[in-house]
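One structure below.
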Protein chains: 2
Amino acid sequence: MGRDGTERGGTERGGTERGGTERGGLPGASRREGLPDTQQGMRRRNLSRVMHAVAANGPLSRAAVAARIGLTRAAVSTLVDELIRAGLVEELGPERPCRVGRPGSALAVSAQGPAGIGAEVGVDHLAACVVDLRGAVRARATRRVDNRGRAPGPVVTDLMSLIRQVSAGAEQEGLRPAGLAIAVPGLVARDSHTVVRAPNLDWHDTDVGALLPAELPLVVDNEANFGALAELWLGAAPPADFLHVSAEVGIGAALVVEGRLLRGARGFAGELGHVPVWPDGPKCPCGGRGCLEQYAGEEAVLRAAGLAPGADRVELLATCAAAGDENVRGALREAGAALGIALTGAVNLLDPRAVVLGGALSRLAPWLLPSLRDELGRRIAGPGCAVAVSRLGPDGPLLGAAHAVVRSVLDDPVGVA
Amino acid sequence: MGRDGTERGGTERGGTERGGTERGGLPGASRREGLPDTQQGMRRRNLSRVMHAVAANGPLSRAAVAARIGLTRAAVSTLVDELIRAGLVEELGPERPCRVGRPGSALAVSAQGPAGIGAEVGVDHLAACVVDLRGAVRARATRRVDNRGRAPGPVVTDLMSLIRQVSAGAEQEGLRPAGLAIAVPGLVARDSHTVVRAPNLDWHDTDVGALLPAELPLVVDNEANFGALAELWLGAAPPADFLHVSAEVGIGAALVVEGRLLRGARGFAGELGHVPVWPDGPKCPCGGRGCLEQYAGEEAVLRAAGLAPGADRVELLATCAAAGDENVRGALREAGAALGIALTGAVNLLDPRAVVLGGALSRLAPWLLPSLRDELGRRIAGPGCAVAVSRLGPDGPLLGAAHAVVRSVLDDPVGVA
DNA sequence: ACTAATTTGTCAATCGCCATGACGAAATAG
DNA sequence: CTATTTCGTCATGGCGATTGACAAATTAGT
């Protein structure tokens, strides 16, 4: 995939580099006070605005872009020229004249330019996909593997072969991989490629970046985070402030505030699974008692339902519940109630505009929602908070990862001219 | 005819008006996709950077400012000239030469320029103060009044007389009030001056702005929010990510993320007092059961301690506990444990770098902390989270309000002509 | 004491980027 | 066929930061 790899190798893109200035108490420590504002920065931001406008609002003429982002037509012309020369935007030809006046020439983000590669390490599958700048999935591959307790090396090797497969297919279509984002079911240290712990994989302090060939800019993050970003970018009517709850084996949450992900000081935010629900409840491996996972975690629900852990546990639960199994329905009802109690705390604390259930929860939503909404509605004063179910379901994290790369290109189109 | 109307009617684009219409920014300028990036904006941001650098890091020479913010000395020179002409920065004279080379001339933010007025409506007091650009409190006035159940009109009238008193004093010293910020013990709707509800004052949907002469730019916000900002700006070794917990009558929290306050979609974030601790506990006026306030709220603690509500309840608790009253100590121990459980959820969810106890909690911290830390430490896996006590104590909200005005001047120095 | 070295603040010249206003081009309306 | 409207581009200008040079003020070295 290294056709133009050198071109992008130099610059660090994708926002991870920013911020985080150590606010050490010492006066001499904080050297830089934010980055200086120079004309190049202005240019970059305006290029980004053009990209976002064109990417988000279909084909657009230069004049329409200018009106939308508040610059003059002349300025937009030069910006668009630069983007076309960089292969990020292409001219589709004259617009259909529907109003009086000369028709503009339609612009769209390139379908041949850079593309984002998303990958996912699940507990029992691996997946990879390629998404182009327009947001279309151009290639995709999945493989069922039980990764429980498997060493990181072989897992990443397998994943890499999937990645090579999809990116080879994409390159044949003229796409150029611009970055790789990997979703993992575990905690990832902030601004790093290190999986601090992934209980279901039994990984600890694993530097995923060190296991991969350093061909592309890499991002590694929690699957719940990528799932939330997918909901933000691809969801039906996305509010910019919501709490995304997902469950694979553990229960994770991701909070989106003003269109940005809240990661926490160390990157560990979103551990909804270990919020205390019944403080004197059963012991939890985390050290606490009565954590949400003891009531709504996969294992707890299976046990309460009287089912043995099988191959596809979530599907098993769903089919049993759909068939009317009262044990299963009761277990899901209880899980929903526990979720509702934990979410009450979260909603009181964060005032999101909505709570979105993703991942396995979206599959089980029909049986979780009544008791969840009941607890939430009873306990929360005031206007309350909408509870919605994600359309994306289990695809969220993978799509979110690929789109994260695409967004990083939109955010800074001119990595290197 | 319709220059805008035709544009809208003709096209068939699926009007995806982005949700973020109500961006909190001061100037209207709500263009379609964020505001355009023009040279004036660059100038404004760089003026702001100079102001922040000079304000934060003591007297500084132009060269030092340039090195710190990454601009050239020449550019900083013109920026500083403009700030001096505007009366926001003043030249203190030649620096003491400690290194080789020509000594610079020290710059500091003006002590005679604009100043921020902070005011506070407490349940049993009113206060106002004036803070200059250097952060010094230049005037201050407090008055003990029992505001419980008093109508907003008279309360605001009394507060206004305090405000006039301090601002008259400040004007005699050459200060010019640049804005007014009022801290109230209740929920304030986002980007408004309306107190949606303040249970202890018995205010509902009260537009404080309408009760005040519109002399100055006004900000109204929750006292917990201002307290957290005070901690951020004035605290000992302030991390940029922390959870500030304060209690006056209710229990409020404010979350600071990357140096910014998280307000929530409606501005109601931080309702820690109504996080469920024991889901089947006693009923709470909010509608829930077993909310934190039922265990750690002022009333609950007084009841558990066997004390009658008196004049200064917090002080009463503190003196009894200090005297060794076992009933009081036990009540505070229980309250601390409940706080610890609620904070476990919050910390798991948000991963702050620290939890800071402010307001009345800082006074009672010696008796709350042991059980609080115990619960938190037992339940939270991983690196845990520091628990600190605010130095500011009850002064936090008032100082935070005044400083909020000062910060707004630093953030946009030329806006205040 | 005198010179060399270093740092500061400022000035003139230049470059980058966007705004302005005018123009030809391409469509519709009458 | 002409008037009107809108689009894209060009030349010009303004604004803001950079570059490079210089005088001023201080320390270091002999």
Side-chain angles (χ1 to χ4, degrees), chain A residues 35-50 54 59-85 89 91-107 414 417, chain B residues 1-11 31 35-50 54 59-85 89 91-107 413-414:
Chain A
L35 35 167
D37 216 335
T38 171
Q39 290 140 324
Q40 287 97 328
M42 184 169 73
R43 184 79 174 170
R44 276 169 55 162
R45 283 187 296 273
N46 279 334
L47 284 166
S48 169
R49 280 193 175 81
V50 172
V54 173
L60 240 50
S61 70
R62 289 169 174 79
V65 172
R68 196 169 283 272
I69 68 179
L71 295 177
T72 59
R73 298 200 307 270
V76 170
S77 256
T78 72
L79 291 165
V80 166
D81 282 352
E82 190 170 338
L83 292 173
I84 288 178
R85 274 198 305 277
V89 162
E91 202 134 14
L92 298 182
E95 268 180 336
R96 210 164 265 284
C98 44
R99 292 184 307 276
V100 59
R102 167 181 167 180
S105 88
L107 301 170
V414 286
Chain B
M1 54 172 294
R3 312 179 85 87
D4 289 343
T6 52
E7 202 185 345
R8 190 164 270 293
T11 46
R31 281 311 256 192
L35 38 166
D37 216 337
T38 173
Q39 299 155 127
Q40 289 100 343
M42 184 170 73
R43 184 81 176 166
R44 276 170 52 160
R45 281 187 298 273
N46 280 334
L47 284 166
S48 169
R49 280 194 175 82
V50 172
V54 173
L60 241 49
S61 69
R62 291 169 174 79
V65 171
R68 196 169 283 270
I69 67 179
L71 294 176
T72 59
R73 299 199 309 271
V76 170
S77 254
T78 73
L79 291 165
V80 166
D81 281 354
E82 189 169 339
L83 292 173
I84 288 178
R85 273 197 305 277
V89 162
E91 203 136 14
L92 298 182
E95 272 179 335
R96 290 185 61 82
C98 43
R99 287 185 307 275
V100 57
R102 166 179 168 182
S105 88
L107 301 169
V414 286

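None of the values given here were measured: they were computed from a predicted structure.
When the nearest nucleotides of DNA chain D are assigned to A/Val100 and A/Ala74 by heavy-atom distance, the more 5′-ward of the two goes with A/Val100. Comparing A/Leu79 and A/Pro103, the nucleotide of DNA chain C nearest to each residue sits closer to the 5' end for A/Leu79. Residue-to-nucleotide proximity on DNA chain C shows that, of B/Gln39 and B/Ala63, the 5′-proximal contact is made by B/Ala63.
Between A/Thr78 and A/Arg43, some side-chain heavy-atom pair lies under the 4.5 Å cut-off. Using a 4.5 Å heavy-atom threshold, the side chains of A/Leu71 and A/Leu79 count as touching. You'll find the side chain of A/Val80 stays beyond 4.5 Å of the side chain of A/Val65, heavy atoms only.
In this structure, A/Thr72 reaches the bases: a heavy-atom distance under 4.0 Å links it to at least one base atom across the strands shown. Among the heavy atoms of the strands lying under 4.0 Å from A/Ala75 are primed sugar atoms or P, OP1, OP2 only; no base atom is included.
Contact record, A/Pro59 with A/Ala106: CB-CB, 4.0 Å, taken as the closest heavy-atom pair. Residue B/Asp37 comes nearest to A/Asn46 through the heavy atom pair O-ND2, 3.0 Å, listed as atom of the first residue, atom of the second, then distance.
Contact footprint of chain A on DNA chain C: nucleotides with an atom under 4.0 Å from a non-hydrogen protein atom, first to last in 5' to 3' order, C/dG16 to C/dT28.
Counting to the nearest Å, the P atom of D/dT9 and the CG atom of A/Leu71 are 15 Å from each other.
A donor and an acceptor atom sit less than 3.5 Å apart, one in the side chain of A/Arg73 and one in the base of D/dG8.
Distances shorter than 4.0 Å separate some side-chain N or O of A/Ser77 from OP1 or OP2 on D/dT9. The phosphate of D/dG16 (OP1 or OP2) has no side-chain N or O of B/Asn46 nearer than 4.0 angstrom. Between D/dA17 and B/Arg43, a contact under 4.0 Å exists linking OP1 or OP2 to a side-chain N or O.
For B/Glu91, the side chain to side chain donor-acceptor pair (under 3.5 Å) partners are B/Arg62, B/Ser105, not counting sequence neighbours.
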